[in-house]
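These notes are about the structure you will find just below.
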Protein chains: 2
Amino acid sequence: MQLTPTMHRCVLHWGEMASRWGVSRSVAQIHALLFLAPAPLTADEIAETLNVARSNVSVSIKELQAWDLVSVTHQLGDRRDYFQARKDIWEVLTMIMDGRKKREVDPTLQMLREATADAGKDHETPEQVKQRIADMLEFVEELSGWYDQIRTMPRPTLLKLMRMGTKVAKIVT
Amino acid sequence: MQLTPTMHRCVLHWGEMASRWGVSRSVAQIHALLFLAPAPLTADEIAETLNVARSNVSVSIKELQAWDLVSVTHQLGDRRDYFQARKDIWEVLTMIMDGRKKREVDPTLQMLREATADAGKDHETPEQVKQRIADMLEFVEELSGWYDQIRTMPRPTLLKLMRMGTKVAKIVT
DNA sequence: CCGTAATTTCTGTCTTTTCTGAAATTTAAA
DNA sequence: TTTAAATTTCAGAAAAGACAGAAATTACGG
């Protein structure tokens with residue numbers, strides 16, 4: 001697939017942001033390419049377009065599938081896999097946030113629960129420190145629960161709430 | 001400074017999460033240590049407690065200061081720097097979100113603006129692709145603006161809204 | 001100013017991550 | 001089956017990042 005200058009620019013930018021986003025350059029570039037591509041692409045097309053090893057595409061696609069950002073389709077009379085990315089930008093954000101919560105928050109939540117549970121037996125740690133850990137646990141639990149609730153709300157509702165901006169505050173006054 | 005088993009566990013966990021959070025192990029461990037520490041610590045104390053090079057502490061502290069998570073204090077009659085971390089967990093979250101937005105979102109927003117502005121001159125890129133980029137720009141602009149608004153709201157208001165969970169939806173019905 | 005404590009910068013080493021190319025495996029048509 | 005295309009796995013090369021220790025700089029008391 002031939003990249004136009006604009007697409008080229010986006011793909012390169014995605015690649016540059018990759019390390020900040022916590023994925024490898026290949027993963028980010030492939031995602032950019034599939035997100036922009038007007039039609040699904042085969043692994044070979046991706047490898048050729050981005051000049052990366054075919055095997056690299058295979059592994060990167062696996063990761064994008066784990067994030068639920070890319071899926072496979074097929075063409076009649078063609079055994080190759082055709083990959084396409086989620087095009088709905090709102091859904092893309094949701095998938096990324098879900099993934100990040102699972103990887104970046106949940107393990108810590110788990111650890112804080114254990115640490116707090118064990119605090120009784122621990123007579124060395126100053127009360128002040130235990131309290132800080134407990135406070136943190138409570139805060140993260142609350143945030144986590146809030147996120148799970150928001151996640152269930154229909155998109156139009158969220159959109160309306162978002163567009164109200166700070167005006168939502170009036171309901172709590 | 002001597003770590004109690006509970007503190008030890010937290011510091012190690014922070015270190016393990018570091019790569020997922022996008023910082024180095026040292027940065028995460030130092031942050032954990034300073035967050036839990038009942039009193040400010042010198043760079044030497046940090047280096048000794050965590051068994052890392054003194055220079056490493058210097059660089060890591062710089063990064064934590066760039067995130068606005070750590071500040072310097074002094075003791076009378078002691079020229080050494082004493083470092084302390086923000087203890088308010090809500091503020092810590094805010095600083096991290098601000099930092100992430102600045103590093104992970106703003107550069108992309110910038111790029112999307114430029115790409116969209118240049119779209120007129122670009123006659124190669126399919127309309128469909130240009131549209132996808134424009135939609136993405138609009139979405140990210142909207143999210144970004146929303147975040148900036150929310151950021152200005154007083155904490156008690158946000159807390160109340162958070163505790164309402166999905167009940168906030170009733171104001172848009 | 002001088003000497004020393006404290007901190008930072010720099011350079012090279014070590015570790016980790018990413019990526020490639022080859023080999024192995026899977027898949028499906030013949 | 002057999003065969004060939006398609007995909008995945010794997011081992012090692014290459015690149016990036018983290019870190020230690022030395023050297024340089026800064027800050028301060030005398």
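Here is the naming used below: chain letters follow the sequence lines, and residue numbers restart at 1 for every chain.
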Starting at [atom1] of [X] and ending at [atom2] of [N], how long is that distance when rounded to a whole Å?
{"X": "Asp44(A)", "N": "dT7(D)", "atom1": "CG", "atom2": "C1'", "result": "10 Å"}
{"X": "Trp21(A)", "N": "dT17(C)", "atom1": "CH2", "atom2": "C1'", "result": "19 Å"}
{"X": "Glu63(A)", "N": "dT17(C)", "atom1": "CD", "atom2": "P", "result": "13 Å"}
{"X": "Asn56(A)", "N": "dA13(D)", "atom1": "CG", "atom2": "P", "result": "18 Å"}
{"X": "Lys62(B)", "N": "dT25(D)", "atom1": "NZ", "atom2": "C1'", "result": "12 Å"}
{"X": "Ile46(A)", "N": "dA6(D)", "atom1": "CD1", "atom2": "P", "result": "14 Å"}
{"X": "Asn51(B)", "N": "dA18(D)", "atom1": "CG", "atom2": "P", "result": "20 Å"}
{"X": "Ile30(B)", "N": "dA18(D)", "atom1": "CD1", "atom2": "P", "result": "13 Å"}

Quick check for you: among [options], whose closest atom lies nearest to any side-chain atom of [X]?
{"X": "Ser58(B)", "options": "dA22(C), dT8(C), dG21(D)", "answer": "dT8(C)"}
{"X": "Arg80(B)", "options": "dT9(C), dA6(C), dT9(D)", "answer": "dA6(C)"}
{"X": "Val52(A)", "options": "dT20(C), dA20(D), dT9(D)", "answer": "dT20(C)"}
{"X": "Ser55(B)", "options": "dT7(D), dA22(D), dG21(C)", "answer": "dA22(D)"}

Exercise. Go through the steps for Gln131(B) and Glu127(B) under the test side-chain hydrogen bond (donor to acceptor under 3.5 Å, both in side chains), then give the verdict.
Key: CA-CA 6 Å; Gln131(B) 191 57 49; Glu127(B) 222 32 67; over 6 Å; no
Quiz prompt | Closest-nucleotide ordering on DNA chain C, the 5'-leading residue of Gln65(B) and Val57(A) | solution = Gln65(B)
Practice problem: Could you tell me which non-hydrogen atom of Met153(A) sits nearest to which non-hydrogen atom of Thr157(A), and how far apart they are? | Solution: CE-CG2, 3.7 Å
Quiz item: Charged N to carboxylate O under 4.0 angstrom, Glu104(A) versus Arg100(B)?
Solution: yes
Quiz item: Between Asp118(A) and Arg9(B), does at least one N-O distance fall below 4.0 Å, as a salt bridge requires?
Solution: yes
Quiz item: Do Arg103(A) and Trp67(A) meet the cation-pi criteria used here (NZ or CZ under 6.0 Å from the six-membered ring centre, within 45° of the axis)?
Solution: yes
Quiz prompt | Upstream residue (5' side of DNA chain D) when Ser19(A) and Asp78(A) are each assigned their closest nucleotide | solution = Asp78(A)
For nucleotides 26-29 of chain D, print each protein N/O atom paired with a nucleotide N/O atom at under 3.5 Å, atom names and distance only.
unit_1	atom_1	unit_2	atom_2	d
dA27(D)	N3	Arg79(B)	NH2	3.3

Kindly say if [X] contacts the phosphate of [N], meaning a side-chain N or O under 4.0 Å from OP1 or OP2.
{"X": "Ser24(A)", "N": "dC19(C)", "answer": "yes"}
{"X": "Ser26(B)", "N": "dC19(D)", "answer": "yes"}
{"X": "Arg54(A)", "N": "dA6(D)", "answer": "no"}

Quiz item: Hey, are the side chains of Glu141(B) and Arg113(B) touching, using non-hydrogen atoms and a 4.5 Å cut-off?
Solution: yes
Quiz item: Is the shortest heavy-atom distance from the side chain of Arg20(A) to the side chain of Pro107(B) under 4.5 Å?
Solution: yes
